[in-house]
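One structure is given below, encoded as structure tokens.
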Amino acid sequence: QVQLVESGGGLVQAGGSLRLSCAASGRTFSLNVMGWFRQAPGKEREFVAAISWSGGITYYADSVKGRFTVSRDDADNTVWLRMSSLKPEDTALYYCAAKKSPGLRLGGYDYWGQGTQVTVSS
């Protein structure tokens with residue numbers, strides 16, 4: 001019903017920047033919040049950032065505040081994650097997710113993308 005496709009991952013040097021995108025298609029009118037998560041090998045899935053479609057309200061994990069920025073483009077149903085001052089510990093598979101619930105700080109994400117790999121070298 002909803003398809004999420006991430007893109008923009010790749011290899012970047014520590015201190016560099018990268019921009020990820022998440023394109024949503026299908027029954028996107030049912031969605032209220034778009035989120036970004038990441039998972040490194042041997043680590044649990046970690047929340048990164050979220051944004052509401054209607055108001056553009058954002059919420060960030062403490063680990064990325066001041067470095068990452070999430071934004072959305074309602075015209076083409078695309079969510080962006082701009083990453084700056086990247087660190088090796090940011091290396092992970094980054095997932096885009098969507099939820100029908102309007103709560104930014106709550107779980108219950110209904111749809112997930114396949115992920116895009118971000119590798120930060122030192």
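Values in this document were obtained by computation on a predicted structure and should not be read as measured data.
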Main-chain N/O of S101 paired with N32 side-chain donor or acceptor, under 3.5 Å
no

Centroid-centroid distance, F37 to Y109, less than 6.0 Å
yes

Just by modelled atom types, is the Y111 backbone N or O under 3.5 Å from a matching donor or acceptor in the K99 side chain?
no

Please check if any side-chain donor atom of R82 sits under 3.5 Å from a side-chain acceptor atom of S17, or the reverse.
no

Are L86 and L18 side-chain neighbours, meaning at least one heavy-atom pair lies under 4.5 Å?
yes

Note, T119 side chain near V12 side chain (heavy atom, < 4.5 Å):
no

With heavy-atom distances below 4.5 Å as the criterion, would you say the side chains of V48 and Y95 are in contact?
no

What is the minimum heavy-atom distance between Q13 and S122, and which atoms define it?
OE1-C, 4.4 Å

Taking the side chain as everything from C-beta on, heavy atoms only, tell me whether V118 gets closer than 4.5 Å to M83.
yes

Could you tell me whether the side chain of F47 reaches within less than 4.5 Å of the side chain of Y60, counting heavy atoms only?
no

Below 4.5 Å, heavy atoms only, C-beta onward: do M34 and L4 meet side chain to side chain?
yes

Would you say the side chain of R38 lies within less than 4.5 Å of the side chain of V64, judging by non-hydrogen atoms?
yes

Any side-chain to backbone donor/acceptor pair from S63 onto A61? Under 3.5 Å, distance only.
no

Side chains of N77 and R72 in contact at under 4.5 Å (non-hydrogen atoms):
no

Would you check, one step at a time, whether the test side-chain contact (heavy atoms from CB on, under 4.5 Å) holds for C22 with W36?
CA-CA 9 Å; C22 174; W36 286 97; 3.7 Å; yes

Verify side-chain contact (heavy atoms from CB on, under 4.5 Å) between L31 and V2, making sure each step is shown before the conclusion.
CA-CA 9 Å; L31 306 177; V2 173; 3.9 Å; yes

If you measure only the distance, is there a donor-acceptor pair under 3.5 Å linking the side chains of S25 and Q3?
no

Pairing of D62 and K65 as salt bridge, 4.0 angstrom limit:
yes

Roughly how far, to the nearest 0.5 Å, is the CG atom of L93 from the OG1 atom of T116?
7.5 Å

Begin from the C-alpha positions of E6 and L20 and carry the test side-chain contact (heavy atoms from CB on, under 4.5 Å) through to its verdict.
CA-CA 7 Å; E6 305 95 332; L20 307 182; over 6 Å; no

Side-chain donor or acceptor of R45 paired with backbone N/O of Q39 under 3.5 Å
no

Checking side-chain polar atoms at under 3.5 Å, does S7 have a donor or acceptor matched by the opposite partner on S21?
yes

At their closest point, which heavy atom of R67 faces which heavy atom of D90, and how far apart are they?
NH1-OD2, 2.7 Å

Which residue is it: D73, I51, V33? I am looking for the one with a side chain to side chain contact (heavy atoms under 4.5 Å, CB included) to V79.
I51

So is R19 actually on top of W80's ring, under 6.0 Å and inside 45° of the axis?
yes

Could you tell me how the ring of Y94 sits relative to the ring of F68: parallel (under 30°), tilted (30 to 60°) or perpendicular (over 60°)?
tilted

OG-CG distance between S30 and D110, expressed to the nearest 0.5 angstrom
8.0 Å

